[in-house]
Amino acid sequence: MNSYIELKNLSKKYNNQKIVNVLSNLNYKFKKGKTYSLVGPSGSGKSTLLNILSLIDRPSSGYLLIDNQKINFDENMSNDKLRSNNFGIIYQEKNLLNDFTALENISLAGIANGKTQSESLNLSKKILKKLKLYNRSNHLPSELSGGENQRIAIGRSLINSPKIIIADEPSGNLDHKNAKKFFKLLFNLKSKNRIIIYATHNRYFANLADCRLQLINGKLKSINARK
Ligand SMILES: Nc1ncnc2c1ncn2[C@@H]1O[C@H](COP(=O)(O)OP(=O)(O)OP(=O)(O)O)[C@@H](O)[C@H]1O
Ligand SMILES: [Mg+2]
């Protein structure tokens, strides 16, 4: 009942010089309240799958359902709205706009989603306090460490209270200490109405998730399901 995202016979292939079958007929249900890790060799399709889940890329065939609604990948405007209302997305790097401060980077994401400037700034300040980065509010991304950049990216992903957080190798460029800090914050965001899905190459961080998924030869395998 509480499955929120569903893949139905979802496939993705690229058809350039030769056909590359990246995702083959995936069927899976992501449930609210759970954290999911996605592992798999380089090139196995982790980013492809995350980009489809976040409506940035489209499947070649099959369906993606969000909250029981079939996504029509031709409806760019409504999908953009769905994404900005419901998703927080974090990449491996370059999440932030270079010419804006940490505070502005977070608050702009709120303003883009319809919050007033003062509402968004106030909320961003609260988020920065929660992230223990309030004293970095006026720093530009180039004046922040890699770990701080990624933690600000969490803040930016949070401002619109997303139901779904998607992170693609978010700690890929961090040392272990900063990566641990990052995941501690990410797991603090777990809540009963939220789904968190992240791709990682790191087994230690993959094992922290409630559900561990592996992409191999185009298929999605569930490695375990912790309660
Ligand atoms: N535009 C494209 N045209 C053709 N093939 C592509 C395209 N984009 C991705 N691919 C191929 O799709 C496969 C999956 O790529 P993807 O980036 O999803 O892998 P990944 O699991 O995220 O890898 P990594 O761990 O290195 O980030 C790769 O073989 C890649 O070469
Ligand atoms: Mg990738």
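One-based numbering, in listed order, for ligands and for the atoms of each.
Side chain of S107 to main chain of S124: no donor-acceptor pair is present (N/O by atom type, distance under 3.5 Å, no hydrogens or angles).
Residue P41 has at least one heavy-atom neighbour below 4.0 Å for each of these atoms of ligand 1: 21 (O). In the vicinity of S44, heavy-atom distances shorter than 4.0 Å reach the ligand 1 atoms 19 (O), 21 (O).
Protein contacts to the Mg ion (ligand 2) involving N, O or S atoms at a distance below 2.8 Å are S47 OG.
Looking only at heavy atoms of the protein, atom 4 (C) of ligand 1 is closest to N16 ND2, 3.2 Å. The nearest protein atom to atom 10 (N) of ligand 1, hydrogens excluded, is given as Y14 CE1, 3.3 Å; this is a heavy-atom distance. When hydrogens are left out, the protein atom nearest atom 27 (O) of ligand 1 is E169 OE2, 3.3 Å; that is the closest non-hydrogen contact. Residue, atom and distance of the protein heavy atom nearest to atom 17 (O) of ligand 1 are S47 CB, 3.7 Å. Protein heavy atom nearest atom 29 (O) of ligand 1, with residue, atom name and distance: G43 O, 3.6 Å. What sits closest to atom 26 (O) of ligand 1 on the protein, heavy atoms only, is S42 OG, 2.5 Å. Among all non-hydrogen protein atoms, the one lying nearest atom 16 (P) of ligand 1 is T48 OG1, 3.6 Å.
Ion pair D210/K31 not flagged as a salt bridge, since none of the NZ, NE, NH1 or NH2 atoms sits closer than 4.0 Å to an Asp/Glu carboxylate oxygen.
Contacts of D168 with ligand 1, taken as heavy-atom pairs under 4.0 Å, are absent altogether. Residue contacts with ligand 1 for V22 involve side-chain atoms from C-beta outward but no N, CA, C or O (heavy atoms, distance under 4.0 Å). Counting heavy atoms under 4.0 Å from ligand 1, residue A199 does not touch it at all.
For the residue pair N138/T101, the side-chain donor-acceptor check at 3.5 Å is not satisfied. A donor-acceptor pair shorter than 3.5 Å cannot be found between the side chains of S11 and N25. Under 3.5 Å, the side chains of N9 and N27 contain a donor-acceptor pair of N or O atoms.
Summarising the local packing, NZ of K219 is surrounded by more than 12 heavy atoms from other residues, nucleotides or ligands at distances under 6.0 Å. Heavy atoms of other residues, nucleotides or ligands lying less than 6.0 angstrom from NZ of K8 number 12 at most.
E169 has its side chain out of reach of T200: every pair of non-hydrogen atoms, C-beta onward, lies at least 4.5 Å apart. For the pair Q150/L174, a side-chain contact is recorded, criterion being any heavy-atom separation below 4.5 Å from C-beta on.
Relative to the ring axis of Y134, K129 places its NZ or CZ within 45° and under 6.0 Å from the centre.
At least one N or O atom of G45, backbone or side chain, sits closer than 3.5 Å to an N or O atom of ligand 1.
The presence of a protein heavy atom under 4.0 Å from atom 31 (O) of ligand 1 is ruled out.
A search for ring-ring contact (aromatic ring centres under 6.0 Å, His included) contacts involving F183 returns Y198, F205, not counting sequence neighbours.
Checked options D57, N21, N51; the residue passing with K12 is D57 (criterion: side-chain hydrogen bond (donor to acceptor under 3.5 Å, both in side chains)).
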N95 vs I89, side chain to side chain contact (heavy atoms under 4.5 Å, CB included): CA-CA, chis, key distance, verdict: CA-CA 9 Å; N95 285 288; I89 304 173; over 6 Å; no
